[in-house]
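Take a look at the structure below.
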There are 2 protein chains.
Amino acid sequence: MEQNSLNSIDRKILECLQEDAGLPVADIAERVGLSKTPCWRRIRHLEESGVLRRRVALLDRDKLNLGVTVFVGVKTSKHDVKWLEEFAKVVVNFPEVMEFYRMSGDVDYMLRVVVPDIAAYDAFYQRLIQRIDLTDVSSSFAMEEIKYTTALPLAYAG
Amino acid sequence: MEQNSLNSIDRKILECLQEDAGLPVADIAERVGLSKTPCWRRIRHLEESGVLRRRVALLDRDKLNLGVTVFVGVKTSKHDVKWLEEFAKVVVNFPEVMEFYRMSGDVDYMLRVVVPDIAAYDAFYQRLIQRIDLTDVSSSFAMEEIKYTTALPLAYAG
DNA sequence: GAATTCAAGGAATTTTGTTCCATTTTTTCA
DNA sequence: TGAAAAAATGGAACAAAATTCCTTGAATTC
């Protein structure tokens, strides 16, 4: 029994839901060539197994006056666990920080920060370095968002 | 009449939906202190005005074997419009590219790429440079995703 | 302060989600 | 190979949610 691996129907279902999580089950069922009951059960199974994590609303950045995206690179010499945990905790709690990664290579951490304007970014920056001691921080501003998607590339998914 | 600006109820509604787009209107209504009809109308209005763009399903990267995130910086000397459009078109069409920005400063473009493993990233990279002539490309690998959210910081929103 | 516009809420209706059960298909294993 | 078991399917019944309708209350205008 294939407990985990997705077959082509499950993949199609996920593709649909990545595009539009509000699609009625009946519509999805039709697209994937099933009737609604088995389709519904597959969706529930995908939820239970955790493949389908959640459904969220995506808002318009510009309409909400949040047009500025900044990528922040952080280099640090302090590599002790305690400092790291503190650092992570502080950063995670800023709602302006939408993504936060520990990196290999040039920078140690990378943040994607969203704010209304440069002034707000500066304010954010001040609040950040006030809470944690950061020496080497570099900020790169995005001039244009050419693509932003939450849809994972399922072509690979096995 | 305040055609655009959100009042505190609209913001609460958006906060709810950014967290869980599947929440029944009745539940949201209760949380924001309205009955379902006016709450439903506000949601529809937010949709119609485009503030609420869409509802999507978020999947589990690891469970789908897509654990590798790479940030790709591209520098280019070719700044003519034609090349740029071609470049953008090619990049956008790669499903592995989840984010794509034109940047100020050090690099001209930045991509966030999601793939199963390093080998798949290399394959992606080969396909990319095969399609467009890129000279200066740098790849940084994320070791750990500490935070990833699609929820915009609405504290600012006016 | 009356008229008008706008937002709200309860109830009815429609749509969609969910369960139930019988049937078909697939898999297992003798 | 073929019967038994397991798993998946689909239609119908049921439950829950979304959507509409209509009336009432509040705010704004002139």
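Chain A is the first sequence line, chain B the second, and so forth, proteins listed ahead of strands; every chain is numbered from 1. All values below were derived from every heavy atom in this structure, side-chain atoms included, with hydrogens, water molecules and symmetry-related copies excluded.
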- prompt: Would one find more than 12 heavy atoms of other residues, nucleotides or ligands at under 6.0 Å from atom CD of E30(A)?
  reply: no

query: Side chain of R41(B), base of dG9(C): donor and acceptor closer than 3.5 Å?
result: yes

- prompt: Under 6.0 Å from the CZ atom of R131(A), do we count more than 12 heavy atoms belonging to anything else shown?
  reply: no

query: Between atom CE of M143(A) and atom CZ of R102(B), what is the distance when rounded to the nearest 0.5 Å?
result: 7.5 Å

- prompt: Any donor-acceptor pair under 3.5 Å linking the side chain of R55(A) with the backbone of A57(B)?
  reply: no

- request: Check the angle between the aromatic planes of Y125(B) and Y121(B) and answer parallel, tilted or perpendicular using the 30° and 60° thresholds.
  value: tilted

message: With each end axis built from five pairs of C1' atoms, what bend angle do you get for the helix from dG1(C)-dC30(D) to dA30(C)-dT1(D)? Round to 10°.
response: 40°

- prompt: For G33(B), does its backbone N or O pair with a side-chain atom of K12(B) as donor and acceptor, under 3.5 Å?
  reply: no

Verdict with supporting geometry, E96(A) and Y156(B), side chain to side chain contact (heavy atoms under 4.5 Å, CB included): CA-CA 10 Å; E96(A) 295 95 334; Y156(B) 292 105; 2.7 Å; yes

task: Name every residue in residues 17-38 of chain B that has at least one heavy atom under 4.0 Å from any atom of DNA chain C, in order of residue number, or write none if there are no such residues.
output: L34(B), S35(B), T37(B), P38(B)

- prompt: What integer distance in Å separates R42(B):CZ from dT20(D):P?
  reply: 18 Å

query: W40(B) has an atom CH2; how far is it from atom P of dT13(C), in whole Å?
result: 18 Å

